[in-house]
Structure formats: structure tokens, C-alpha cells
Amino acid sequence: MTSPALHLWLRAESRSDEARTGLTPEGAAQLIAAGLRVTVEQSRQRAIEIEGYRAAGARIAPEGSWPDAPRDAVIFGLKELPDDGTPLPHRHIMFGHAYKGQHSGRMLLERFRAGGGTLLDLEYLTDENGRRIAAFGYWAGYAGAAVTLRAWAAQQSGAICPPARSYTDKEAMNADLAAALRAAGAAEKSPKALVIGAKGRVGTGAADLCAAMGLATTLWDMEETASGGPFAQILDHEIFFNCIYARPGTPVFVGPDALDAPRALTAIGDIACDPDSDYNPVPLYQRATTWEAPVLRVAQQPPLDIMAIDNLPAMLPRESSADFAAQLLPAILDLTAMGPVWQRAEALFAKHIAAL
């Protein structure tokens, strides 16, 4: 007897500032051609129009209807689910942010345990060498650097960073930022930036944005931070980007003592953004920032602003969606067989459920 085709259900994102998706119409067409069933929820803000998915052969469902999906459907989204405490009986592909000591992660895992569902965390889909198979990191670095430079530019006139927004493409973002930097006198003031994690996807994106803006940039990676922090050299740069995801053993890069120390540093882009983690290498703040208020000011004279937005690639939703979806599609095609990528993710979930 032939087993039923796997059913992938692309949910709408619940955050109003999240326009990305992990599946394009072209990807949906490939999945359907491979024998999968694909349902796509309508969405008020998804950067890709619903008609593309309809033309690809996907079934269209109302926005937010995934809780009523058949139990065998695999629910696919990116960011967090509505925080309503309901049990979760489905398999979910998403960024769960539940495995790195985040205090909110336990509540999500409790919901899966209550419902009998499974979290297949996108952050932990890895190949046999432990490398992530798909990531938004480059675009997080690129957009995060842009917002942080805008924060620095605002400081030059005694202001604070204006609200962030999305752009049609990186050229539009670059043009907007370049105008702000010119108005702030960046060419004369010559701010210096330092990137930690420069060899990774996130750091590469941040470094590329700095290069596009003509900033002198110091690039650090594991070799430069192996001795353990904090690092006084960071304070000699006007702008610092943390592009290292928090994990056990990560040193503190900039600690509370920096607030009262002599410093050139006035803007930190904590692009990794793990304020809720016990391993946060920038322990100067306790919450993520938002598009409406992109920075937290943690010191006054001189100012020190921290940018810690947790969905930065959504500022370039079309480019980041197309890139991520292309990286992920081979694994989605292997979902029916539950290949090694998915087996590893399922085993990791089981390990964390057992530890509750």
C-alpha cells in the first residue's frame, strides 16, 4: 500500500513586521512535482504574493488556520508562534529559540510536550559536519550593520535611531543609509567598526555593508577571541558588531565596566541578539529591540546605543527569502524520507524534551 503524500503547510507569520518566507512559489512547484501536498496560508504581509503559490498548484488556506490542519501536516514557518500556551500536536519547522538557555524556550517545549508534537528547529538543521544547511545569517549581518550605522549617524546630531523599515532590495537600503551617513559627516569623522565573527555568514554580511559604506573595519574571528574577554580593543572603535551566536564558553566581549570606561564606542550592533541567553557576550541589556525603537541607550556621556533586533533579514524580505528558500529546498524534498538532517533535528528535540 502506498503511504499518503507528505503534507507541508506554510503558515502565515504572526508578527506584523515579518514578511519573509522559507518557501517560494518556484519551490512549492518543485515539491508538488515531487509528490508532496502543499498548503499555503494567505498572509497580509508576506513579501511574495499568494497568486504565485496558487499558480504553482498549492492549496490556499485562510491566514492563521494551521491549528486546524490535519494532524499529519508538517507546519512550516519562520518566527515564533502566537504565545497562547496551547498544546502543539503537529510537527513544526521553525526557529524555536529553545535550546540555548533562553528562558522563554522552556515554555515552548512544554507546549510541544503537552500536545505530542515535534519541533524541527531550522537553526539546528545541519549536515554531517555540523554545519547549518540553510541560514539567513548573511542578510541579518547586512541589515543589522545598516541599522547600527544609522544609529551612529543619529547620534552625531544628538538624536536616537529612527524606526527601521523594509526595503525593496539592498541597493535601496544602501542609498538610504549613504544619505544618512553623508548628513552625519561620516567622511570627515571616519568612524571605525569592529566585527567579531567575521568569517561566518553573519559577520560577512556586516563586513560587506561596512565596505559598501566605505568604513574602515577590523575583522576578528575565533583566533582573536580565544584568550577570553572582555576586550579593551573594542572600545577603541566607534561601532562594534557581535556576530557570534551565544553558546557555552562564549566569552564576554563588552561587559558592564565598559559603560564607565574611556571609550570611542557609541554603537553596538548585537546582530546575534541573544539577550535572553545565559551566554550573552554583550550582557548590557535584557531585551531585544524593535523596528519602532531599534536601539536601547545604556549610557549617556558619551552615549552607547545597542541595536538588537531579532528579525533583521525581514528588512530585505525578497532577497533573504529567495536565498534561504533555495538553501533549504533540498532538505524539504527529503522530508518524506526523514533523511539524516531531519533525524538529527528530531533527536535533538527529544533530548531537550527529556531534560525538562
Side-chain angles (χ1 to χ4, degrees), residues 13-20 45 77-84 94-109 121-123 135-152 154 160-166 195-197 200-203 205-206 209 239-247 250 252-256 258-259 266-299 303-317 320 324:
E13 299 293 329
S14 58
R15 289 175 59 155
S16 60
D17 58 6
E18 185 53 80
R20 290 175 296 165
Q45 71 261 12
L78 296 178
K79 300 300 286 185
E80 63 269 21
L81 301 171
D83 188 16
D84 56 14
M94 59 180 284
F95 288 106
H97 302 296
Y99 298 160
K100 294 190 293 185
Q102 297 99 327
H103 304 298
S104 59
R106 182 181 180 91
M107 293 184 288
L108 178 65
L109 292 176
D121 197 312
L122 286 163
E123 187 171 350
F136 283 104
Y138 179 86
W139 298 103
Y142 202 95
V147 178
T148 308
L149 291 187
R150 183 171 284 277
W152 178 87
I160 200 160
C161 188
R165 66 179 183 87
S166 63
V195 178
I196 292 185
R201 291 182 174 112
V202 179
L209 185 281
I239 302 156
F240 164 54
F241 301 110
N242 171 39
C243 303
I244 299 290
Y245 286 106
R247 66 194 68 181
T250 301
V252 171
F253 297 152
V254 181
L259 300 181
T266 63
I268 296 175
D270 191 9
I271 299 172
C273 188
D274 267 319
D276 198 30
S277 171
D278 294 333
Y279 316 115
N280 179 14
V282 188
L284 303 177
Y285 69 110
Q286 288 74 47
R287 63 173 177 84
T289 59
T290 66
W291 287 39
E292 294 76 20
V295 300
L296 288 170
R297 181 152 291 180
V298 298
L304 181 58
D305 293 334
I306 299 179
M307 188 290 306
I309 294 173
D310 64 1
N311 66 331
L312 289 161
M315 295 177 189
L316 292 167
S320 61
F324 182 82

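The shown structure was predicted, so the numbers you read here are calculated from the model rather than taken from an experiment.
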Under a 4.5 Å cut-off applied to non-hydrogen side-chain atoms, are [X] and [Y] in contact?
X: Ile196; Y: Cys243; value: no
X: Phe240; Y: Thr148; value: no
X: Asn311; Y: Lys79; value: yes
X: Asp274; Y: Tyr279; value: no
X: Glu80; Y: His97; value: no
X: Cys273; Y: Ile309; value: no
X: Val252; Y: Pro283; value: yes
X: Tyr142; Y: Leu312; value: no

Sequence-distant partners of [X], side chain to side chain contact (heavy atoms under 4.5 Å, CB included), two or more places apart:
X: Ser320; value: Arg20, Phe136, Trp139, Pro313
X: Arg297; value: Gln155, Ile160, Gln300, Pro303, Asp305
X: Ala293; value: Thr290
X: Ala19; value: Ala47, Pro317

For the student: nearest non-hydrogen atoms of [X] and [Y], plus distance:
X: Pro275; Y: Asn280; result: CA-ND2, 3.7 Å
X: Pro294; Y: Pro162; result: CG-O, 3.2 Å
X: Asp17; Y: Ala314; result: O-CB, 3.6 Å
X: Leu259; Y: Ala299; result: CD2-CB, 4.2 Å
X: Ala98; Y: Leu108; result: CB-CD2, 4.4 Å
X: Ala267; Y: Leu304; result: N-CD1, 3.8 Å

| Tyr245 and Val202: CA distance, side-chain angles, deciding distance, side chain to side chain contact (heavy atoms under 4.5 Å, CB included) verdict | CA-CA 10 Å; Tyr245 286 106; Val202 179; 3.8 Å; yes
Looking at residues at least two apart in the chain, or sitting in another chain, which of them share a side chain to side chain donor-acceptor pair (under 3.5 Å) with [X]?
X: Asp310; result: Arg15
X: Ser166; result: none
X: Asp270; result: Asn242, Tyr285
X: Arg150; result: Asp176

Is there a side chain to side chain contact (heavy atoms under 4.5 Å, CB included) between Thr289 and Ile306? Walk through the geometry before answering. CA-CA 8 Å; Thr289 59; Ile306 299 179; 5.9 Å; no
Gap between atom [atom2] of [Y] and atom [atom1] of [X] - 0.5 Å precision:
X: Ile244; Y: Phe253; atom1: CD1; atom2: CZ; result: 5.5 Å
X: Gln286; Y: Asp276; atom1: CD; atom2: CG; result: 10.5 Å
X: Leu296; Y: Cys161; atom1: CG; atom2: SG; result: 11.5 Å
X: Tyr138; Y: Arg201; atom1: OH; atom2: CZ; result: 13.0 Å

Can you sort out the partners of Asp121 under salt bridge (Lys or Arg N to Asp or Glu O under 4.0 Å), two or more places apart, ordered by chain and number?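 Salt bridge (Lys or Arg N to Asp or Glu O under 4.0 Å) check on Asp121 returns nothing, list empty.
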Taking it one step at a time, do Glu13 and Gln45 satisfy side chain to side chain contact (heavy atoms under 4.5 Å, CB included)?
CA-CA 8 Å; Glu13 299 293 329; Gln45 71 261 12; 4.2 Å; yes
- Message: For a side chain to side chain contact (heavy atoms under 4.5 Å, CB included) check, start with the C-alpha distance between Thr266 and Trp152, then their side-chain angles and the critical distance, and finish with the verdict.
- Response: CA-CA 7 Å; Thr266 63; Trp152 178 87; 3.6 Å; yes
